[in-house]
Amino acid sequence: MQRNDFSERDAEKQMKARVHITLKKGVLDPQGKAIAGALHGLGFDEVADARQGKFIELDITGEDVAAAKARVEAMCQKLLANTVIENYQVEIA
Amino acid sequence: MKAAVVVFPASNCDRDAATALEFVTGKKTQMLWHGDTDVPADLDLIVLPGGFSYGDYLRCGAMAARSPIMQTVVERAKAGTPILGICNGWQILAECGLLPGGFLRNAGLKFVNRPVAIRVEDSQSIFTNRYEAGEEISIPVANGEGNFFADDATLDRLEGEGRVAVRYLDNPNGSIRNIAGVFNETKTIMGMMPHPERHVDDIAFNQTGRRFFESLAGAVG
């Protein structure tokens with residue numbers, strides 16, 4: 001019996017890469033400041049500071065978690081983050 | 001001077017830059033398309049114009065910096081071809097690593113679109129030789145993420161090497177040390193946030209920006 005493309009693809013293992021990109025410490029974050037100000041306006045006085053970042057989720061084919069992590073870190077270096085102003089953190093699940 | 005302007009999707013100052021160059025050179029400016037990799041070999045200047053290339057997705061200039069044409073522009077820049085990046089063009093040069101630093105949302109969170117006073121800090125470059133060092137001029141800015149940032153070590157190096165090209169007298173966006181434009185190490189590449197191409201003719205305000213283009217035309221032939 002011939003297998004179709006769908007079953008091939010379903011059998012292919014996928015992982016989720018979750019990339020958090022945040023402004024480096026000491027880099028001014030005007031949006032974070034505005035968010036903290038708005039929260040204070042709503043009565044959330046316990047907010048001492050707010051920093052805004054980005055979250056990017058990637059679907060990655062393959063099974064090798066360590067290899068995937070290295071590849072996603074390369075993606076961060078090349079495109080996803082600007083390391084002059086931003087830090088990144090990669091999780092594979 | 002044979003000059004070209006790169007056109008990215010959502011560039012919006014490309015024609016102004018081309019017109020400004022035509023005013024001072026009397027020659028037609030070539031327009032280069034972002035998706036091409038061929039760049040004429042005999043260009044004396046490549047301009048990266050202002051706008052919102054690729055919709056400012058991810059970060060301003062991030063997508064444009066990885067576009068096909070920029071691979072060739074980076075090669076030419078490294079070989080010494082003069083490059084001028086205005087506004088979004090400077091953001092693209094920073095994203096390529098051709099100029100140091102990066103850009104943040106404006107400190108006041110608002111898009112700022114008005115003439116600002118700037119001081120030309122250095123008149124010994126191909127971009128600024130028709131100005132006096134220390135000369136103060138007014139030209140417009142138009143940016144939402146024009147807030148220049150670099151770490152202290154980088155800034156000290158830029159200042160020490162005379163690579164701050166222009167500085168705001170009335171900082172519109174929070175740029176660190178009031179920096180409005182910088183050079184690379186060899187002063188063959190300049191990025192600036194204000195728009196000199198908008199002030200080259202009395203019919204549109206005045207001519208305060210015209211000498212940037214005249215400097216280039218005089219310096220590179």
Side-chain angles (χ1 to χ4, degrees), chain A residues 15-45 47-60 68-92, chain B residues 53-54 56-68 70-71 74 88 90-112 143-158 171-179 182 184 191:
Chain A
M15 295 170 277
K16 287 260 184 233
R18 298 194 172 89
V19 183
H20 287 269
I21 296 160
T22 50
L23 284 173
K24 284 185 173 171
K25 206 173 163 225
V27 174
L28 179 76
D29 180 4
Q31 293 177 100
K33 280 209 177 354
I35 291 165
L39 288 171
H40 292 159
L42 292 169
F44 295 104
D45 297 329
V47 176
D49 193 19
R51 303 280 286 170
Q52 181 176 319
K54 293 188 185 100
F55 173 69
I56 299 171
E57 195 171 63
L58 305 167
D59 291 327
I60 306 281
K69 190 166 185 205
R71 292 279 292 173
V72 176
E73 282 173 350
M75 295 176 206
C76 289
Q77 287 285 339
K78 285 200 151 173
L79 176 67
L80 301 180
N82 178 343
T83 54
V84 173
I85 49 172
E86 295 170 325
N87 288 324
Y88 59 84
Q89 209 184 333
V90 177
E91 285 167 48
I92 308 283
Chain B
S53 58
Y54 296 83
D56 280 348
Y57 289 173
L58 191 64
R59 295 177 305 276
C60 299
M63 298 298 176
R66 279 87 182 165
S67 64
M70 286 308 297
Q71 312 310 308
V74 168
N88 188 223
W90 183 13
Q91 295 169 329
I92 295 167
L93 290 170
E95 281 283 340
C96 289
L98 287 174
L99 291 174
F103 292 88
L104 303 166
R105 185 65 64 96
N106 288 353
L109 290 169
K110 290 198 171 72
F111 190 93
V112 184
N143 61 70
E145 294 184 46
N147 183 351
F148 179 69
F149 177 85
D151 60 36
D152 282 333
T154 304
L155 293 167
D156 290 344
R157 202 179 69 236
L158 286 174
N171 192 337
N173 52 29
S175 289
I176 200 156
R177 300 196 195 178
N178 301 317
I179 290 171
V182 300
N184 68 333

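In what follows, chains carry the letters A, B, and so on, assigned in the order in which the sequence lines appear, proteins first and then strands, with residues in each chain numbered from 1.
A/I85 approaches B/F149 most closely through the heavy-atom pair CG2-CD2, 3.6 Å. In terms of heavy atoms, A/L28 sits closest to B/A107 at CD2-CB, 4.2 Å. Of all the heavy atoms in B/R59 and A/L80, the pair that sits closest is NH1-O, 2.9 Å. Taking all atoms of both residues into account, the shortest heavy-atom contact from A/A34 to B/L109 is CB-CD1, 3.2 Å.
Remark: B/Q71 CD is packed, more than 12 non-hydrogen atoms of other residues, nucleotides or ligands lying under 6.0 Å away. Heavy-atom neighbours of B/Y57 OH from other residues, nucleotides or ligands within 6.0 Å: at or below the threshold of 12.
For B/L58, the parts lying under 4.5 angstrom from a heavy atom of chain A are both the backbone and the side chain. Neither the backbone nor the side chain of A/K33 comes within contact range of chain B; no heavy atoms are under 4.5 Å apart. Only the side chain of B/R66 comes within contact range of chain A, with at least one heavy atom under 4.5 Å from a heavy atom of that chain. Contact annotation for B/N147: only side-chain heavy atoms (C-beta onward) come within less than 4.5 Å of a heavy atom of chain A.
Side-chain contact between B/L104 and A/L23: present, with at least one pair of heavy atoms (C-beta onward) separated by less than 4.5 Å.
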